[in-house]
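First the structure, in the form of structure tokens, and then the observations on it.
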Amino acid sequence: MSIEKGPNFLEEIVAEDVKNGKHGGRVLTRFPPEPNGYLHIGHSKSICLNFGLAQEFGGKTNLRFDDTNPVTEDTEYVESIKNDIRWLGFNWANEFYASDYFEQLYECACELIKKGLAYVDDSTAEEIAAMKGTPTEPGKNSPYRDRSVEENLDLFARMRAGEFKDGDKTLRAKIDMASPNMHFRDPLMYRIRHVPHHRTGKKWCIYPMYDYAHGQSDSIENITHSICTLEFEVHRPVYDWFIEKLNIFPSHQYEMARLNLTYTVMSKRKLLQLVNEKHVSGWDDPRMPTLSGYRRRGYTPESIREFCDRIGVARRENMIDVGLLEYFIREDLNKSANRVMVVTDPIKLIIDNYPEGQVELLPGENNPEAEDKGGTREIPFSKELWIERDDFMEEPTKKYFRLGPGLKVRLKHAYILECVSFKKDEAGNVTEIHCNYFPESKSGHDTSGISVKGVIHWVSAAQAINCELRMYDRLFIPEDPSNAEGDFKDHINPNSLEVISNAYAEPELKKAKAGDKFQFVRKGYFCMDPDSTADNPVFNRTVGLKDSWAKEAGKK
RNA sequence: UGUCCUAUGGUGUAAUGGUAACACUGCAGAUUUUGAUUCUGCCUUUCUAGGUUCGAAUCCUGGUAGGACAACCA
């Protein structure tokens with residue numbers, strides 16, 4: 001956790017509990033995902049918090065799948081979740097499932113029935129909703145509320161035995177239909193679902209509800225600090241009620257604000273829609289805020305952990321600038337990613353006074369920011385090069401210090417060039433740039449005495465390898481797509497992916513493997529995609545470099 | 001016209017009754033064979049009205065604003 005920052009409110013609570021010897025000073029947290037979707041960056045806040053808190057105070061963390069709704073859950077999700085947590089860099093003490101506790105939960109329910117604290121209700125979903133009242137009006141008691149213990153026990157056993165159809169009966173806690181807290185108005189404990197479960201198969205046809213399962217699961221595992229998001233705050237009295245009535249281990253729930261990111265949607269329901277309706281290529285589409293999406297995009301676990309640590313934890317709603325996440329991945333990759341030159345929008349440059357057919361191998365530092373500079377590679381240099389179309393301006397402005405008629409520029413790792421002429425097609429597009437080079441200006445051996453302000457990247461045409469670049473931008477146009485007018489999908493950015501199929505890279509990139517990360521000099525950080533083939537290497541743009549020139553140029 | 005939660009620069013988060021700070025963003029400059037990185041400086045902050053106190057971002061009361069809660073979802 002953060003060192004330079006004060007402790008967050010949860011660290012304070014845990015520190016106080018440890019100091020006071022609560023639970024013998026033991027700390028056990030849990031991360032409780034429902035296996036009905038892939039983990040996203042919001043989950044990583046919870047993961048970093050739960051695992052981080054335990055690490056900080058010498059405790060442990062369980063992974064518990066909250067699998068009480070077989071309709072939406074699947075082992076595919078279980079596997080992806082485990083994979084993503086490991087990737088983020090955390091190891092759980094135990095892998096548990098709420099479904100492991102179905103039998104115990106059933107027995108607890110019988111106990112509550114015997115205590116007169118639960119009853120079988122024959123009302124339909126509509127009737128139950130109608131009797132629930134509203135936040136400002138009290139509800140009404142169900143006509144089945146006062147069944148005898150014997151009848152309830154019998155009915156509940158027959159529910160389990162499969163004698164009733166889906167929806168025919170529920171088991172409800174008998175609390176207070178007039179409570180100002182809606183969750184106290186006889187919450188449902190069990191519903192009938194004749195649906196096989198991803199782990200228990202056909203063993204059960206009644207499944208516990210979240211409110212009945214979650215707290216007891218925590219309690220069964222002896223969880224000391226159960227952290228969840230703010231929307232569960234009103235559930236806490238129910239959480240405590242079951243624990244108290246059952247007289248079991250007193251786990252305690254603490255709530256914190258969820259993570260919201262600008263230009264991002266973060267609900268699994270919405271992400272599932274994006275996947276199902278093919279707005280993205282899958283859960284791991286590099287535009288998705290899922291951990292698998294970020295991984296494919298080229299984000300590192302370190303950068304995400306750092307992000308989660310630095311955004312802090314509090315109880316007020318927040319909206320974090322996605323630019324902060326980008327800051328952390330740039331910070332990480334700046335130190336770790338090797339540099340390589342790739343021309344994304346090529347234009348031919350010919351050095352008139354360079355010998356025909358000559359090829360020089362010039363050394364290039366792989367990473368000036370790394371401690372050992374990342375070693376060097378050899379970059380072929382010759383008479384014909386590709387340079388960036390942007391790096392030539394027919395009528396250069398005063399502040400432009402790249403190439404233009406009569407202007408001099410440095411080719412990175414190579415020579416200084418002076419532009420002597422250029423050709424255009426009928427449409428007026430520049431097709432070819434001619435330059436002379438200064439042989440004594442070679443990088444590292446420059447005795448020319450010429451000083452230039454601009455440095456551009458380049459690729460030797462004969463040795464260039466062709467590659468595909470996937471240039472990603474934010475998936476949504478508005479800052480807060482979930483609260484924008486209309487459906488969130490109306491606000492998808494139509495230009496969130498631009499594919500460049502004719503980029504030229506220096507031959508060094510032939511060695512790249514899927515997942516390898518690079519800085520394409522002056523362009524941004526890129527990560528090789530698994531879609532790559534020998535003929536068509538594919539690179540995802542993780543994030544661009546900061547670009548104060550674009551800002552300057554944009555001012556006009 | 002219910003219950004509960006929250007309110008500190010543009011965005012987050014600290015300050016735990018004693019000089020409002022840190023990061024990001026923005027702006028300006030220095031350095032630079034990446035208009036990157038790095039470095040320096042600057043801008044901008046306690047929702048409001050009362051009260052308690054020698055002293056309030058912090059405690060109390062009222063107001064205002066935002067959020068959560070009426071799934072056989074979690």
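Reckoned from all heavy atoms, side chains included, excluding hydrogens, waters and symmetry mates. Residue numbers start from 1 in every chain, and the chains themselves are labelled A, B, ... in the order their sequence lines are given, proteins ahead of strands.
- Using a 4.0 Å cut-off between charged side-chain N and carboxylate O, A/Arg541 and A/Asp473 make no salt bridge.
- A/Val71 comes within 4.0 angstrom of nothing in the nucleic acid, heavy atoms only.
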List the protein contact pattern of nucleotides 29-36 of chain B with one symbol per nucleotide (5' to 3'): B for base contact, S for sugar-phosphate-only contact, - for none; contact means a heavy-atom distance under 4.0 Å. ----BBBB
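- Within a 6.0 Å sphere centred on NZ of A/Lys140, heavy atoms belonging to other residues, nucleotides or ligands number 12 at most.
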Anything under 3.5 Å between a protein N or O and an N or O of nucleotides 42-45 of chain B, put it in a table, one pair a line.
none

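- A salt bridge is defined here as a Lys NZ or Arg NE, NH1 or NH2 lying under 4.0 Å from an Asp or Glu carboxylate O, and A/Arg522 with A/Glu388 fails to meet this definition.
- Going from atom CD of A/Glu255 over to atom P of B/C5 covers 10 Å, rounded to whole Å.
- Electrostatic pairing of A/Lys442 and A/Glu360 counts as a salt bridge here, judged by a charged N lying under 4.0 Å from a carboxylate O.
- For the side chain to side chain donor-acceptor pair (under 3.5 Å) test, residues two or more places apart in sequence or in another chain that qualify with A/Glu221 are A/Asn62, A/Arg64, A/Tyr101.
- In this structure, A/Ala257 and A/Phe328 both approach RNA chain B, and ranking their closest nucleotides by distance from the 5' end singles out A/Ala257.
- Rounding to whole angstrom units, CG of residue A/Asn318 and P of B/U6 are separated by 15 Å.
- In this structure, A/Met341 reaches neither bases nor backbone, as no heavy-atom distance under 4.0 Å exists between it and the strands shown.
- For A/Phe307 and B/U13, the CZ to C1' distance is 12 Å, given to the nearest whole Å.
- Here, B/A15 and B/U6 have their P atoms 15 Å apart, quoted to the whole Å.
- Note on A/Asp168 versus A/Arg158: no salt bridge recorded, every NZ/NE/NH1/NH2 to OD/OE distance being 4.0 Å or above.
- Put simply, A/Arg315 has no side-chain N or O that comes within less than 4.0 Å of OP1 or OP2 on B/C5.
- Classified by interplanar angle (parallel below 30°, tilted 30° to 60°, perpendicular above 60°), the ring pair A/Tyr207/A/Phe102 is perpendicular.
- When the P atom is used for both B/A20 and B/U58, the distance is 13 Å, rounded to whole Å.
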Annotated protein contacts, base or backbone, on nucleotides 66-74 of chain B with a non-hydrogen cut-off under 4.0 Å, one of B, S, - each: -SSSB-BSB
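- For A/Arg377 and A/Glu506, the salt-bridge test passes: some basic side-chain N is under 4.0 Å from an acidic carboxylate O.
- Going from the P atom of B/C47 to that of B/A14 covers 15 Å, rounded to whole Å.
- Comparing the C1' positions of B/G17 and B/A57 gives an interatomic distance of 11 Å, to the nearest angstrom.
- Taking side-chain N and O atoms only, A/Arg316 has a distance below 4.0 Å to OP1 or OP2 of B/U8.
- For the pair A/Phe9 CZ and B/A15 P, the interatomic distance rounds to 13 Å; values are reported in whole Å.
- The nearest whole Å value for the distance from the CG atom in A/Leu324 to the P atom in B/G26 is 12 Å.
- In this structure, the side chain of A/Glu365 does not engage the main chain of A/Thr376 through any donor-acceptor pair within 3.5 Å.
- Atom P of B/G10 sits at a distance of 15 Å from the matching atom of B/G26, rounded to the whole Å.
- Atom pair A/Asp309:CG and B/C22:C1' shows a separation of 15 Å (rounding to whole Å applied).
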Tell me, what's RNA chain B's dot-bracket, Watson-Crick or G-U with both distances under 3.5 Å, | for other-strand, [ ] crossing? .((((((..((((....[..)))).(((((.......)))))....(((((..]....))))))))))).....
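- Side-chain contact between A/Ile347 and A/Trp386: absent, with no pair of heavy atoms (C-beta onward) separated by less than 4.5 Å.
- B/C69 and B/A74 have their P atoms separated by 15 Å, with the value rounded to a whole Å.
- With both ends at atom P, the span from B/G50 to B/G12 equals 29 Å, rounded to whole Å.
- For the residue pair A/Asp211 and A/His235, a side-chain donor N or O sits within less than 3.5 Å of a side-chain acceptor on the partner.
- Between A/Phe31 and A/His43, the angle of the ring planes goes over 60°, which puts this pair in the perpendicular group of the 30/60° scheme.
- A/Tyr212 has its ring centre less than 6.0 Å from the ring centre of A/Tyr190.
- Taking the side chain as every heavy atom from C-beta outward, A/Asp176 and A/Asp186 never approach each other to under 4.5 Å.
- Between the NZ atom of A/Lys335 and the C1' atom of B/U38 there is a distance of 11 Å, given to the nearest Å.
- For the C1' atom pair drawn from B/U48 and B/A68, the interatomic distance equals 24 Å after rounding to whole Å.
- Here B/A15 presents its P atom at 11 Å from CD of A/Glu11, a figure rounded to the nearest Å.
- Shown here are the salt bridge (charged side-chain N to carboxylate O under 4.0 Å, His left out) partners of A/Glu331, two or more places apart in sequence or in another chain: there are none.
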